[in-house]
Number of protein chains: 2
Amino acid sequence: MTDKPIPDVIVGRLPRYLRALRQMSEAGAQTTSSQELGERLGISAAQIRKDLSQFGEFGKQGTGYSISFLVRQLQAILKVDRTWEMVLVGAGDLGHAIAGYNGFANWGFHVAMVFDNDPQKIGKKIDEYTILDMSELSPKIKESGIQVAMITTPASAAQEVVDQLVKAGIKSILNYAPINLHVPNSVKVQYIDPVIHLQRMTYYLD
Amino acid sequence: MTDKPIPDVIVGRLPRYLRALRQMSEAGAQTTSSQELGERLGISAAQIRKDLSQFGEFGKQGTGYSISFLVRQLQAILKVDRTWEMVLVGAGDLGHAIAGYNGFANWGFHVAMVFDNDPQKIGKKIDEYTILDMSELSPKIKESGIQVAMITTPASAAQEVVDQLVKAGIKSILNYAPINLHVPNSVKVQYIDPVIHLQRMTYYLD
DNA sequence: CATTGTGAACGGGTTCACAGCA
DNA sequence: TGCTGTGAACCCGTTCACAATG
């Protein structure tokens, strides 16, 4: 109700709600309940209701939530009711896979440009993208106003790249390089590191 | 001290400590403190000390922690003082990038086999791997005793694949498919979904 | 009557602060 | 003196339980 800041842990769950709801919608469902959504996601019904109630009263007692309405609300809250252009830095195997990933479309994102510092790669094409030189990174970001970046460079290059990105105006960074990055408070970073996830699970193995 | 179960949130931080410590070691450092490690990772010094103290008294008052000793301890705790063979299911672009990823070696993991269900791909090679048919999935897992799997199939196929993996004895699953999976309590699942991470950040954009 | 929204209770993770020790 | 290990205090996210309502 009030406009105190929403805990980050709640923001982190909203994209999962959105994914599940759109999948239910594709499957033909029109309505759902906190219980049904919770079972699907392994989250308690009470938590889902509490999370959603932070942003408004989206449900109806006795009948639950309209899926299409809730999808629109969540997309608006997460600001993915538009398309965010992104720059991708690092044109290795992983960068190639990400540039060609079709899972960004319709979810609010689009790769606009791909950068690398390897002279052998610059000018080459991956999918529809011509690989651009790092020297163009800053001007291209500034002129386009892009705020979102993904990094798939080696760890050794990542912090330097981040510094350039931040200076150029990037506000959100998805980092695939296996290293912790330092950024100002105004910039958000999320990490994707398969080894970290794997090591977290081997703890429970014999 | 006692052997109560360690909270999962602590286990989740240990791999990050390990990465940072090994990077410090590579840079030539021999000793560190909870404060230094904390600054590097954006974690409070008290939290690091508390986390580590769950597993033993690894430090020395006045001087801090021996990096090489702590690395060995963490690797033993996380059970990555050995190499876990893994199966990879899904030989698309992402599967290709993962199969060729050199970041698993020395971190406790190795891709042993790659599976797909596309007749056009079966028998083809990606890197040193010959793509195997899904019909061989269960027998190959059982005969090798592999416990770790990665999934890079489309979302629509993921749950069915998981059911097969679980039945064959897989205990840890790293899932790249954008869907929530249902597994028994004895099986751990971790998720990697770039869209989820990105949407979590756009909330904070204008 | 099923299901939401929510104040209150609860639980557990984080921080504090300091004794203890090299 | 510098830094660890840790009980206690604190804080905050989760769960509970129920009034409210279509």
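Source: prediction; values computed, not measured. Note on naming: letters A, B, ... go to the chains in the order of the sequence lines (proteins, then strands), and numbering restarts at 1 for each one.
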Report task. Check the angle between the aromatic planes of B:Phe109 and B:Phe104 and answer parallel, tilted or perpendicular using the 30° and 60° thresholds. Result -> perpendicular
**Report entry** Between P of D:dC11 and CD of B:Gln47, the distance in whole Å
**Finding:** 16 Å
Query raised in the report: What integer distance in Å separates A:Leu52:CG from C:dT3:P?
Result: 16 Å
Query raised in the report: Could you give the CD-to-P distance, from B:Glu57 to D:dT4, as a whole number of Å?
Result: 13 Å
Query - Under 4.0 angstrom between A:Arg49 side-chain N/O and D:dA17 OP1 or OP2 - result: no
Report summary line: In whole angstroms, the gap separating P of D:dG5 from CG of B:Asp51 amounts to 12 Å
Requested in this report: Classify the angle between the aromatic ring planes of A:Tyr129 and A:His110 as parallel (below 30°), tilted (30 to 60°) or perpendicular (above 60°).
Outcome: tilted
Query - Presence of A:Ser44 side-chain N/O under 4.0 Å of D:dT15 phosphate oxygens OP1/OP2 - result: yes
Query raised in the report: Roughly how many Å is it from CD in A:Gln35 to P in C:dA2, rounded to a whole number?
Result: 11 Å
Query raised in the report: Do other residues, nucleotides or ligands put more than 12 heavy atoms under 6.0 Å from the NZ atom of A:Lys79?
Result: yes
Query raised in the report: Could one point to a donor on the side chain of A:Lys50 or the base of C:dG7 with an acceptor on the other under 3.5 Å away?
Result: yes
**Report entry** Between D:dC3 (P) and B:Glu39 (CD): distance, integer Å
**Finding:** 11 Å
**Report entry** Rounded interatomic separation in angstrom, taking CG from A:Leu37 and P from C:dG5
**Finding:** 13 Å
Query raised in the report: Can you tell me if A:Thr202 uses its side chain to pair, donor with acceptor, with the backbone of B:Leu78 under 3.5 Å?
Result: yes
**Report entry** Whole angstrom value for the distance that separates P of C:dT3 from CZ of A:Phe58
**Finding:** 20 Å
